[in-house]
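Notes follow the structure.
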2 protein chains.
Amino acid sequence: MRIDREIVEKRMNDFFEACHKRNVKVTHQRTEIYRELASSENHPDAKMIYSRLKKRIPAIALDTVYRNLKFLEKYGLITVVGLNQDSQRFDANIRKHHHFVCVKCGRISDFYSASLDDIVVPEEASRFGKPLSINVEVKGICGVCGKKHKKE
Amino acid sequence: MRIDREIVEKRMNDFFEACHKRNVKVTHQRTEIYRELASSENHPDAKMIYSRLKKRIPAIALDTVYRNLKFLEKYGLITVVGLNQDSQRFDANIRKHHHFVCVKCGRISDFYSASLDDIVVPEEASRFGKPLSINVEVKGICGVCGKKHKKE
DNA sequence: GATTATGATAAGAATCATTCTTATTTACAA
DNA sequence: TTGTAAATAAGAATGATTCTTATCATAATC
């Protein structure tokens, strides 16, 4: 489950460029953490990246992996899959709906939309298995956080 | 941020019905945990539900809240918002794409779809704030887990 | 209405993911 | 080459979630 060498190299170039542009240090660990993720197709978590890297860099600390993943996310080089919350959030609304999630405060709002309810699972997705549900997640800055930001 | 009384009552009826149909006990704690979530609009986490209930049921244990939320999810009365993972998963693919997530094994697969890329944020969503991204999450049973299930 | 079996709860310990603290090391600019 | 701010390693700390076990309550049966 590895990404094509060319794509990885392009990603590595983007990484170096982003580091230089931002004046952040290109450490061995940081480089290899990004390389590991950029070469993986299966959306690993921090532990998985850590244990793979441990073979090549035995002294690496798990905290370094976490720190750099946060760093890479902040600089837009990687994303966290899903909603990026620190705890599970629950919903008693069983009716088909979608979510607006504020990336600042984590507020989650339900919304209904006939047009979005109409979208069908494309073949590109059903190729991976039997679909059970399809939902749309909109990420953005909520009204409250938007106002806060203007004041600052 | 409370749900209309009528809706809550309908949900409570569904809850009692589901409990009886499944022959599970209708305990005070279970009932109030569901009532609390069914009355909330803001997708609380377990801690939040716990602290609200603590006022009414001082002896309630946090574990009971977790246990019953899992229970309610299993019986389809509530859902976990997002991908319901136990750890954060990362993605170096910054090209616009969508996800197929297996609800059995947690495997996450990227897919591309011109038709899904074309969907726009509806007014019902942008009402909550400034949208930054829109993505589709398909949940289902992946090929591997589907085969396993057939064998059993 | 009382009895009882079984599932549910409370309490606290345990586990797992993630972050913090601090002393040490390293990248890289001068 | 050297100075210095940034990054790292190690391990402790935190916070979410789950487990263990003794006790309790629901609901079926008498």
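So you know, we letter chains A, B, ... as the sequences are listed, proteins then strands, and number each from 1. Only heavy atoms go into these numbers, but all of them, side chains included; no hydrogens, no water, no symmetry mates.
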NZ (B:Lys54) with more than 12 external heavy atoms under 6.0 Å: yes

Any A:Gln29 side-chain N or O less than 4.0 Å from OP1/OP2 of D:dA9: yes

Cluster link A:Met12 to A:Ile3, ILVMFWY, side chain under 4.5 Å: yes

Sugar-phosphate, base or nothing in reach of B:Leu62, heavy atoms under 4.0 Å: base

Rounded distance (Å) that lies between atom C1' of D:dT17 and atom CZ of A:Phe90: 10 Å

Sugar-phosphate, base or nothing in reach of A:Asp45, heavy atoms under 4.0 Å: nothing

Nearest-angstrom distance from the residue atom CD1 of B:Ile60 to C1' of D:dT23: 17 Å

Residues B:Tyr34, B:Asp14; criterion side chain to side chain donor-acceptor pair (under 3.5 Å); working and verdict: CA-CA 11 Å; B:Tyr34 181 70; B:Asp14 291 347; 5.9 Å; no

Nearest-Å distance for atom pair CG/C1', residues A:Leu72 and D:dA7: 13 Å

N/O donor-acceptor pair under 3.5 Å between A:Arg89 side chain and B:Val81 backbone: no

D:dA7 phosphate, OP1 or OP2, under 4.0 Å from A:Thr64 side-chain N/O: no

Start and end of the DNA chain C segment that chain A contacts, any atom under 4.0 Å from a heavy atom: C:dA17 to C:dC28

Interatomic distance, B:Tyr50 OH vs D:dG15 C1' [rounded to whole Å]: 14 Å

B:Lys47 vs B:Thr27, nearer the 5' end of DNA chain D by closest nucleotide: B:Lys47

Whole-Å distance separating the CE atom of B:Met48 from the P atom of D:dA16: 10 Å

Between D:dG15 (P) and B:Gln88 (CD): distance, integer Å: 16 Å

Atom pair distance, as rounded to whole Å: CZ in A:Phe71 and C1' in D:dT8: 14 Å

Cation-pi geometry met for B:Arg127 and A:Phe111 (6.0 Å, 45°): no

N or O in side chain of A:Asn68 less than 4.0 angstrom from D:dT8 OP1/OP2: yes

Under-4.0 Å side-chain N/O to phosphate OP1/OP2 contact, A:Arg67 with D:dT8: yes

Residue whose nearest DNA chain C nucleotide is more 5′ - B:Asn23 or B:Asp86: B:Asn23

Sugar-phosphate, base or nothing in reach of A:Arg30, heavy atoms under 4.0 Å: sugar-phosphate

Residues B:Lys70 and B:Glu73 bridged, charged N to O under 4.0 Å: no

D:dT18 phosphate, OP1 or OP2, under 4.0 Å from B:Lys70 side-chain N/O: yes

5'-most by nearest nucleotide on DNA chain D - B:Tyr66 or B:His20: B:Tyr66

B:His97 and B:His99 aromatic ring geometry - parallel, tilted or perpendicular at 30°/60° bounds: perpendicular

Residues B:Lys10 and B:Glu6 bridged, charged N to O under 4.0 Å: no

Gap between atoms CG and P, on B:Asp63 and D:dC24 respectively (whole Å): 17 Å

